[in-house]
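To start, the structure itself, in structure tokens.
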Protein chains: 2
Amino acid sequence: MTMPESGAKPPTSADVARVAGVSRSTVSYVLNSPPGARVSAETRERVLKAVRELGYAPSAPARSLRSGSSDIVLFPLPLQPMGQLLEQFVDEFTEALRRQDLNLLIHGDRYARGVDAARTWAALRPLAVLAESNRLTDGGVEVLRRAGVRAIFAWGREEHPGVPTAIFDNRDSGALAIRHLIGRGHRRMACLVPAGPLAGLANERWEGAKSAAEEAGCFLERVDVGYVREDVLAVVRGWQRQTEPPTAVFAGNDDFALMIISALRECGWSVPDDMAVVGADDLPFCDLVWPRLTSVAMHTRTMGSGAADMVTALMTGRPYKHRDHMVVHPRVVVRESG
Amino acid sequence: MTMPESGAKPPTSADVARVAGVSRSTVSYVLNSPPGARVSAETRERVLKAVRELGYAPSAPARSLRSGSSDIVLFPLPLQPMGQLLEQFVDEFTEALRRQDLNLLIHGDRYARGVDAARTWAALRPLAVLAESNRLTDGGVEVLRRAGVRAIFAWGREEHPGVPTAIFDNRDSGALAIRHLIGRGHRRMACLVPAGPLAGLANERWEGAKSAAEEAGCFLERVDVGYVREDVLAVVRGWQRQTEPPTAVFAGNDDFALMIISALRECGWSVPDDMAVVGADDLPFCDLVWPRLTSVAMHTRTMGSGAADMVTALMTGRPYKHRDHMVVHPRVVVRESG
DNA sequence: ATGAAAGCGCTAACAG
DNA sequence: CTGTTAGCGCTTTCAT
């Protein structure tokens, strides 16, 4: 490989053709091997050698312009902090896409929504877009459709009309956590509702928890609490003053479960004997602390493979049903804390 | 906005021009407002109205093809799990880029490296690429340069020759942790070296820790340990049998710090009195557990703004020095655990 | 098995 | 201020 000339323009397929002593179409045939392409082994070798020599990389923009479709699947970075779940999902999805020669691109803007966001996404002319449902509006979907995006896929709490949606109902998580605790014999429980960036999420989980408790005729206390240790400590102190404090708490998420366990211990209560604790999200540290943390989790894998399935359907030309919705169910990962 | 025709092709600037009753160049002028463009307010309005009506989004591929440069800054998703740090960095960087009308795209493939990776990245014809230094090879950098990528920026442990690099030296982290503990009066210490996906990282931290201990004439025990609770527990049990066990431990990362604190407690030792614990990465939960976790952290913000500065330099045409390296220094976030 | 040529949607230089 | 036009790099007929 020779040195780059500073002002040099990127090599084109024409350059490759010239160096290899063939025509541009031959280069294209070698690089894309379409159904009816027949290139002699020797020619192919010459072309590939030229490619290497020139450090040639075909221009995706030009390709996309010419062919009218791209190999990009666009995933706008979620607003809600996903932590490790994100990397897990991305890994799986990328792998599935790679088998179809597709590229996952995560768009860094986590805030734009509606038509503005759609225009930004549409500009890239992606093959598919997987967006949180609350960032899609009718107008936005319209813009994407118009721009030739072949598959639009939503995910999140609410389904989006006309767009296949993977529904993560956080009420289910709350309900499941409470039912799990009831199954373990608890009758007086508390549900933490954390403030902060995850408040919306937490509130949904509370709703589900509440209805599960009502259904079973159990007592469930709602405890709003800030994202600081002192608040959590105050809550535990409050319980210690009660004559009949709850025997179990659904912490709303794993961070809070960690906090509440810390606080309980500081106050001399043990987990799960004096108080059972259940978190949510099943973050990696659930397995690392002691007592290990029982947690309600969504099947991230379900979403990863579900999304990949959709893209596969799209690629193989199978009909792609716009009305399909998929509900992603939570499950309880039972460990020692509750 | 009217209904999409199913087989319809995406609207083009020509469609907008026709609907607005102007020429294509006028549309382009309105949408890009280049220096010398003069369009009457009324015409501009007509054009924008047509844009809205058609749900038009300009094609980035076509634009990029024509103008020879794009608005894409490409950030290959790091192989090493970054957790929250990633989202923090992305947030900040995206915001800085938005001010320049640039888009951050995160490429989902975390594994490809060298020339193969470079070809994939180069295909998008991005304006800039920010890659982990260990995924860049000379050949890869060459391919990117050839493809007209204006700025190539590396980050990670080692600097990459010829490419400006943000150096995160994990030896520094280890050394800093140990020096902090020495400053607190500890003379016999241990350093956990976790196995698993982060082994490389941990090993570097160990090296730094070791040299800091040697420098100060202190004893530092290297403890290799698996990513499971039992291993950590066994380590603590081992210490309990020693007549002169260490008084402090650098856990290598925050997850391990959490594990070791759990294990210590299970064995009846208290933190930090019987054993001080320092983690690394300053994950959010450091503030949530009790005792709150002292942790060695890198300045993610430094990297975010550093990266943005580089892109700014690039955009404003300031000379862009290919030999610049930036060392990102760790700091100790002191809390109760050690 | 290979080459010639058209055209994807857009911008920018130039002409009016 | 607006319109005409050339061509960016590529794929894909259609001829050879």
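Here is how names work: the chains are called A, B, and so on, in the same order as the sequence lines, proteins then strands, and each is numbered from 1. These numbers come from a predicted model, not from an experiment.
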Expressed as a whole number of angstroms, how long is the span from B:Arg63:CZ to D:dC10:P?
21 Å
Check this for me: does any side-chain nitrogen of one of A:Arg146 and A:Glu142 sit under 4.0 Å from a carboxylate oxygen of the other?
yes
Decide yes or no, distance alone: a donor-acceptor N/O pair under 3.5 angstrom between the base of C:dT11 and the side-chain of B:Arg24.
yes
Do B:Ser40 and B:Thr43 pair up side chain to side chain, a donor and an acceptor below 3.5 Å, judged on atom types alone?
yes
Can you tell me if B:Thr43 touches the phosphate of D:dT2, counting only side-chain N or O atoms and a distance under 4.0 Å to OP1 or OP2?
yes
Return the value, rounded to whole Å, for the distance between atom CZ of A:Arg46 and atom P of C:dA1.
14 Å
Assign B:Pro61 to base, sugar-phosphate, or nothing according to its heavy-atom contacts below 4.0 angstrom with the strands shown.
nothing
Is a side-chain donor-acceptor pair under 3.5 Å present for B:Asp116 with B:Tyr111?
no
Report yes if a side-chain nitrogen or oxygen of B:Tyr29 is closer than 4.0 Å to either non-bridging phosphate oxygen (OP1 or OP2) of C:dC10; otherwise report no.
no
Starting at the 5' end of DNA chain D, which residue's closest nucleotide do you reach first, B:Gly21 or A:Pro58?
B:Gly21
Please compare B:Ser25 and B:Arg125 by the position of their nearest nucleotide in DNA chain D and report the one closer to 5'.
B:Ser25
Calculate the interatomic distance between B:Lys9 atom NZ and C:dC8 atom P; express it in whole Å.
7 Å
Begin with the C-alpha distance, continue with both residues' side-chain angles, and end with the deciding distance and a verdict on ring pair (Phe, Tyr, Trp, His ring centres under 6.0 Å) for B:Phe93 and B:Phe75.
CA-CA 10 Å; B:Phe93 194 37; B:Phe75 180 74; 7.3 Å; no
Looking at D:dT2, I'd like to know if its phosphate oxygens (OP1 or OP2) sit under 4.0 Å from a side-chain N or O belonging to B:Ser23.
no
Would you tell me if any nitrogen or oxygen in the side chain of B:Arg66 comes within less than 4.0 Å of OP1 or OP2 on C:dG9?
no
Between D:dG9 (P) and A:Leu54 (CG): distance, integer Å:
14 Å
Base C:dA1 paired with A:Thr26 side chain (donor-acceptor, <3.5 Å)
no
Under 3.5 Å donor-acceptor pair, A:Ser13 side-chain atoms to D:dG9 base atoms
no
Just to confirm, is there a sub-4.0 Å distance from OP1 or OP2 of C:dT11 to any side-chain nitrogen or oxygen of B:Ser28?
yes
Protein-nucleotide distance (A:Arg44, atom CZ; C:dA1, atom P), rounded to Å:
11 Å
Distance, rounded to the nearest Å, where B:Glu42 contributes CD and D:dT2 contributes P
9 Å
A:Asp71 CG to D:dC10 P, straight-line distance once rounded to whole Å:
14 Å
Using whole Å, what does the distance between atom C1' of nucleotide C:dG9 and atom CG of B:Asp15 come to?
10 Å
Any Lys/Arg nitrogen of B:Glu45 or B:Lys49 sitting under 4.0 Å from an Asp/Glu carboxylate oxygen of the other?
no
If you only use heavy atoms from C-beta on, which nucleotide in D:dG9, D:dT2, D:dC10 is closest to the side chain of A:Leu65?
D:dG9
